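The structure appears right after this line, and notes come after that.
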Number of protein chains: 2
Amino acid sequence: MKKDERHQLLRKLVQKDVITKQEDFVDKLHERGIEVTQATISRDIKELQLVKAPAQNGGYRYNLPPEMDYDVSQKLSRLMKDAFVSIDTQREFVLIRTLPGNAFALASLIEAAKYKEMFGCVSGDDTVLVISRDEESAKRLQKKIISFI
Amino acid sequence: MKKDERHQLLRKLVQKDVITKQEDFVDKLHERGIEVTQATISRDIKELQLVKAPAQNGGYRYNLPPEMDYDVSQKLSRLMKDAFVSIDTQREFVLIRTLPGNAFALASLIEAAKYKEMFGCVSGDDTVLVISRDEESAKRLQKKIISFI
DNA sequence: AGTGAATAGAAATTCAAT
DNA sequence: ATTGAATTTCTATTCACT
């Protein structure tokens with residue numbers, strides 16, 4: 001199983017089940033016949049930026065990172081499915097192509113999403129250029145943006 | 001130094017400084033002449049529901065719990081300073097008294113705040129009754145609501 | 001209740017291998 | 001690049017005391 005697949009699964013699991021420690025992930029994956037160790041889960045958690053949060057009841061629970069506004073997320077999802085053409089990164093830049101006339105709207109939504117990785121964002125008619133902090137950030141942004149399709 | 005004071009200070013510190021581990025808190029407090037151990041900080045973190053989040057740069061950072069909308073928070077703050085009279089808990093209930101005619105507005109804002117501890121919330125003219133999950137939740141809600149004054 | 005000292009328990013990293 | 005085994009580091013809890 002590829003890392004990206006496992007990451008997707010972890011995101012599912014952390015929402016569906018109450019995960020109180022990393023071993024819980026190891027066990028859940030084991031149930032599905034996927035063998036990983038705690039070391040790998042620790043790295044996954046870091047990459048996915050999951051957080052271990054003290055819960056209401058007194059225990060702990062791993063959570064997804066704080067999401068952007070539901071509203072923004074909805075609109076991004078619709079616009080991306082609708083008008084997305086391609087995405088690529090070059091150094092600390094992310095270049096997104098859209099159908100003509102949609103780039104400005106997309107740029108506005110990306111601004112509204114307040115990605116921590118993002119410095120700024122400019123748009124033409126069918127092109128959005130996102131400037132991020134560094135190459136790593138650009139790659140992470142690419143993944144996040146693609147996930148809306 | 002009282003626990004509540006220390007909690008307030010921790011909330012300040014976690015915003016101002018980059019705290020990567022609990023010992024960082026111990027050190028920061030030590031600099032201010034406050035002697036606590038890591039054990040106490042661990043308990044504080046649990047009570048304040050601070051989270052250790054993987055950061056953009058590859059490290060870790062303790063953060064405040066995800067906040068409610070800025071907008072809601074602003075309005076709550078204004079209304080509380082304006083119209084708050086008293087607050088008390090009884091079992092799993094929180095009873096808030098306001099100046100006459102303000103309870104409904106306060107209840108709406110409390111609803112909008114989407115506190116996890118809250119079941120429901122009803123209001124009269126000068127009284128808001130919040131129903132929470134249990135006694136502990138009620139006490140936590142009381143603290144959170146008072147903090148807007 | 002709130003706390004510290006000691007300890008158990010959980011998570012992150014190192015080191016090696018692939 | 002990705003991982004597991006071992007290890008280190010960090011965090012939570014226990015126990016005793018106040």
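Below, chain A is the first sequence line, B the second, and so on; all start at residue 1. Owing to the predicted nature of the structure, the values given are computational and were not obtained by experimental measurement.
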Check your understanding: Are B:K75 and B:D71 ion-paired here, with the side-chain N under 4.0 Å from a carboxylate O?
Key -> yes

Exercise for review: Can you sort out the partners of A:K139 under salt bridge (charged side-chain N to carboxylate O under 4.0 Å, His left out), two or more places apart, ordered by chain and number?
Suggested key: A:E135

Revision key, fill the gap. Here the distance between atom C1' of D:dA1 and atom CG of A:D4, to the nearest Å, is 12 Å

Review point. What residues form a salt bridge (charged side-chain N to carboxylate O under 4.0 Å, His left out) with A:E117, not counting sequence neighbours?
Key: A:R140, A:K144

Exercise for review: Decide, for C:dA1, between syn and anti: a glycosidic angle within 90° of 0 counts as syn, anything else as anti.
Suggested key: syn

Practice item. Before accepting this row, confirm whether a basic side-chain N of the pair B:D4/B:K143 lies closer than 4.0 Å to the acidic partner's carboxylate O. Key: yes

Review point. How long is the line joining CG of A:D44 and P of D:dA1, in whole Å?
Key: 16 Å

Check your understanding: NA contact type, B:E35, heavy-atom cut-off 4.0 Å: base, sugar-phosphate, or nothing?
Key -> sugar-phosphate

Practice item. Sugar-phosphate atoms are those with a prime plus P, OP1 and OP2; base atoms are the rest. Using that split, label each nucleotide of nucleotides 5-18 of chain D B, S or - for protein heavy atoms under 4.0 Å, 5' to 3'. Key: B----SBBBB----

Review point. Is A:V14 linked to A:L48 within one hydrophobic cluster, defined over Ile, Leu, Val, Met, Phe, Trp and Tyr using a side-chain heavy-atom separation of less than 4.5 Å?
Key: yes

Exercise for review: Walking along DNA chain C from 5' to 3', note the first and the last nucleotide with an atom under 4.0 Å from a heavy atom of chain A, and give both.
Suggested key: C:dA10 to C:dT14

Study note, to complete from the structure: Taking pairs as Watson-Crick (N1-N3 plus N6-O4 or O6-N4) or G-U wobble (N1-O2 and O6-N3), each distance under 3.5 Å, the stems of three or more consecutive pairs with DNA chain C are C:2-18 with D:1-17

Review point. Quick check: are there more than 12 heavy atoms from other residues, nucleotides or ligands sitting under 6.0 Å from CZ of A:F104?
Key: no

**Study point:** 4.5 Å side-chain heavy-atom contact, B:V94 and B:V128
**Key:** no

Practice item. Would you check, one step at a time, whether the test side chain to side chain contact (heavy atoms under 4.5 Å, CB included) holds for A:R11 with A:H7? Key: CA-CA 6 Å; A:R11 291 181 62 92; A:H7 279 193; 5.7 Å; no

Point to revise | B:F93 atom CZ, neighbour heavy-atom count above 12 within 6.0 Å | key: yes

Exercise for review: Please identify each residue that fulfils salt bridge (charged side-chain N to carboxylate O under 4.0 Å, His left out) with A:R97, with sequence neighbours left out.
Suggested key: A:D126

